[in-house]
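Working notes, beginning with the structure itself.
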Amino acid sequence: MNPNTAEIEPVNVIDDIQDMEDIENINVDKIIFVITSEDIPKDTKFDTWDEVENYFDEYGSRNEFAIVKYRMKRNSKETVLKGIQRNTKTKKLSCSWHINLTFPGHSIKIIITIFINQHNHPLVSKIQEFATKYRLFTDEALKEISLMTKHGNLSLTAQRNLLKARFPNLHFQDQDLANTIQKYKNINKINNDISTLLTSLLQKKIEDLRWVVDFELDKENRLTRLLWMSPDQIDLWLKYYDVVINNNTAKTNQYQMLLGIFIIIDNKCKTRLVCQAKATEQTLIVMFTDADPALDAAIPIVFLETYPAHCIFYIAQNLPKNLKGKLASIKSTSRVEGYNWVIKQQLKTNSTLCELVDCLNSRLKEEKRWNQFYEYKQITTSNTVSTVEQDLFPTITKVLDKYLTEPIYNIIRAEMSQCLFVNANIINPSDEELNREQTIIEEIEKDEILEIWKVVDIRSERKHHIYFVIIINAISFLCSCLKSISRGIICRHYFHVIMNSETAAFHISMIAQQWYKDIYQDYTCSQN
């Protein structure tokens, strides 16, 4: 760079070892240091002010004190670089180190006119780690912090560890990072949070009347209750409303309002958020909760025909036996507890309601995208490898592949394969061994029973696993494993019976319709 065309700007330099434990106990009024650093020859010359700045950056690093530019003067022909030292209380120590440089109009070089090489304080070896000069985030690091704060909601510890791995030569303190994180948080801070949220939700309802938005304000116009459901959530609710799992979670917003999550399990065995049941006219069959007294009191009032059930963790161990037929294999609120955990990873106790809604909307989009990817995968892939179940039940596997989603199809295929590990023998209804299964026998009129099969696992470690399959007609049966009731699928015991019985047969209607592919959800099967 030509010095004659460069803009002449004076550069002030400070000698900074602020916040050093090394000088914490120094009393500058009683102790006088006379310390010199590396000498700078008086005849040293520079071509540009940028060269001056780079030179003194390296000089300060070598001599264990920081040199930072803290003041600029335009149109000046002389620059004074001073050493200004502070102790841990940020009191200036009036260090006498300074250097004067000048760029005369008649000269083509920047020259040194005065150099006082004396310090009144000890020099610190770790100046690059602690001095403010070197504790500045690069533009690239600032972009990373902004991304992690706005979209990752990562803690200070997590961000620090990632930055250290990404930028190993970057020096900063936790307070520097905390200040930067807070700066980006304040940028996104929403004014009139609740008003903004309600306006946004009501606008969605205006654009699409299928939206459900229900809220309540107290006498002082403060929000006390809010419920919302998107059209997609309502569609899911109408398909899978038979069993809904609920849980309340705290510490997701700055108003300390509880967040109630309502989820269902779709035909792909995926957890889906449907929010609130009050928005539809469908009656819940079973609602699982974590024994919240408020919900226990509200369910009989709001949902007159709904059976309230508690998570198995909170009640006696005989719940699965007594209610197995009603729960569709759901025995706890673990799914909704896990859903709450995922949400809370993205929210803090000081999150706004708008941020809470954005988080839930983002989660809904992820669920929808996964569902779309699943359908794409189903269309573009096919299984051409012959398997045991295809060899045993070729016609049945074709029907299952046509009607069922892949996760459920795979579960039933596993049951088909496992049927080879059991043995079945037809027995008399008066057999004494049936006494242990008297409960399922009582569910069926004796004159309705066509066959009873005793199924025993042939593996030595499972030889005590004994089940009974009752055949009522060609496509109606009851197995003591109760998988046809609790999970809505056909069990391995019945598949083995099919291979031996002249009565037992198969029909797709024997499998719960909620496990069908979307195109068959409202389909009435009439094929044999």
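- The backbone N or O of Lys268 lies less than 3.5 Å from no partner atom in the side chain of Trp515, so there is not a single donor-acceptor pair.
- The CD atom of Glu355 sits 11.5 Å away from atom CG of Leu197, with the distance rounded to the nearest 0.5 Å.
- When every heavy atom of Leu162 is checked against every heavy atom of Met148, the shortest pair comes out as CD1-SD, 3.5 Å.
- Here the options are Lys239, Arg272, Lys517, the test is salt bridge (Lys or Arg N to Asp or Glu O under 4.0 Å), and the partner is Asp266; only Arg272 passes.
- Counting heavy atoms from C-beta on, the side chains of Ile181 and Gln159 come closer than 4.5 Å.
- Within a 6.0 Å radius of NZ in Lys204, no more than 12 heavy atoms belonging to other residues, nucleotides or ligands are found.
- Remark: Lys143 is not positioned above the aromatic ring of Phe137, lacking an NZ or CZ atom under 6.0 angstrom from the ring centre and at most 45 degrees off the axis.
- In this structure a side-chain-to-backbone donor-acceptor pair under 3.5 Å is missing from Ser146 to Leu142.
- Between Trp211 and Met229, the shortest heavy-atom contact is CE3-O, 3.4 Å.
- Thr224 places a side-chain N or O within 3.5 Å of a backbone atom of Glu216 that can act as its donor or acceptor partner.
- Using a 4.5 Å cut-off on side-chain heavy atoms (C-beta onward), Lys398 and Gln390 make no contact.
- Here the CZ-CD1 distance, from Arg487 to Ile511, works out to 12.0 Å after rounding to the nearest 0.5 Å.
- Ionic pairing of Arg363 and Glu366 is present here: one or more N-O contacts between side-chain nitrogen and carboxylate oxygen are shorter than 4.0 angstrom.
- Using a 4.5 Å cut-off on side-chain heavy atoms (C-beta onward), Phe215 and Leu223 make contact.
- Without hydrogens or angle criteria, Asp176 side chain to Phe172 main chain gives no donor-acceptor distance under 3.5 Å.
- Between the CG atom in Asn410 and the CG atom in Leu400 there is a gap of 11.0 Å [rounded to 0.5 Å].
- A donor-acceptor contact shorter than 3.5 Å is absent between the side chain of Asn371 and the backbone of Glu367.
- Of the inter-residue distances, the one linking Ile234 atom CD1 with Leu236 atom CG reads 10.5 Å to the nearest 0.5 angstrom.
- Side-chain contact between Ile194 and Thr196: absent, with no pair of heavy atoms (C-beta onward) separated by less than 4.5 Å.
- When all heavy atoms are compared, the tightest approach of Leu273 to Leu364 is O-CD2, 3.7 Å.
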Exercise. Step by step, work out the side-chain contact (heavy atoms from CB on, under 4.5 Å) result for Phe393 and Cys419.
Key: CA-CA 11 Å; Phe393 309 101; Cys419 80; 4.1 Å; yes
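- Side-chain atoms of Asn267 come within 3.5 Å of backbone N or O of Tyr516 as a donor-acceptor pair.
- For the pair Ile490/Phe495, a side-chain contact is recorded, criterion being any heavy-atom separation below 4.5 Å from C-beta on.
- Using a distance-only test at 3.5 Å, with no hydrogens or angles considered, no donor-acceptor pair links the side chain of Gln521 to the main chain of Asp518.
- The environment of NZ in Lys368 is sparse: at most 12 heavy-atom neighbours from other residues, nucleotides or ligands sit within 6.0 Å.
- The side-chain heavy atoms of Ile261 and Ile263, taken from C-beta on, include a pair separated by under 4.5 Å.
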Quiz item: So Asn179 and Gln175, side-chain hydrogen bond (donor to acceptor under 3.5 Å, both in side chains) or not? Walk me through it.
Solution: CA-CA 6 Å; Asn179 291 340; Gln175 187 58 51; 2.8 Å; yes
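- Using cut-offs of 30° and 60° on the angle between ring planes, the pair Tyr494 and Phe477 is parallel.
- The two residues Ile489 and Ile411 have their closest heavy-atom pair at CD1-CG2, 3.8 Å.
- Although no hydrogens or angles enter the test, the distance criterion places a donor-acceptor pair under 3.5 Å between the side chain of Ser486 and the main chain of Leu482.
- The existence of a salt bridge linking Glu144 and Arg166 is confirmed by a sub-4.0 Å separation between a basic side-chain nitrogen and an acidic carboxylate oxygen.
- Of the inter-residue distances, the one linking Leu202 atom CG with Trp228 atom CH2 reads 13.0 Å to the nearest 0.5 angstrom.
- Taking the side chain as every heavy atom from C-beta outward, Ile508 and Leu404 approach each other to under 4.5 Å.
- Closest approach of Asp174 and Leu156 over heavy atoms only: O-CD1, 3.7 Å.
- With a 6.0 Å cutoff to the six-membered ring centre and a 45° limit on the axis angle, Arg413 counts as a cation-pi contact of Tyr409.
- Listed here is the closest heavy atom pair of Cys269 and Ile408: SG-CD1, 3.3 Å.
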Quiz item: Going through the distances and angles, do His493 and Cys481 end up as a side-chain contact (heavy atoms from CB on, under 4.5 Å)?
Solution: CA-CA 9 Å; His493 314 114; Cys481 74; 3.7 Å; yes
Quiz prompt | Working for side-chain contact (heavy atoms from CB on, under 4.5 Å), residues Gln203 and Glu207 | solution = CA-CA 6 Å; Gln203 181 61 37; Glu207 295 172 357; 3.2 Å; yes
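- Taking a 6.0 Å sphere around NZ of Lys205, one finds it holds more than 12 heavy atoms contributed by other residues, nucleotides or ligands.
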Quiz item: Given the rule in the side-chain contact (heavy atoms from CB on, under 4.5 Å) test, do Leu170 and Lys164 qualify, once you have shown the distances and angles that lead to the verdict?
Solution: CA-CA 7 Å; Leu170 187 65; Lys164 290 292 186 183; over 6 Å; no
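- Val243 has its side chain out of reach of Ile265: every pair of non-hydrogen atoms, C-beta onward, lies at least 4.5 Å apart.
- From Ser417, atom OG reaches atom CD1 of Ile412 across 12.0 Å, with rounding to the nearest 0.5 Å.
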Quiz item: Yes or no on side-chain hydrogen bond (donor to acceptor under 3.5 Å, both in side chains) for Glu389 and Thr397, after CA distance, side-chain angles and deciding distance?
Solution: CA-CA 7 Å; Glu389 59 273 9; Thr397 53; over 6 Å; no
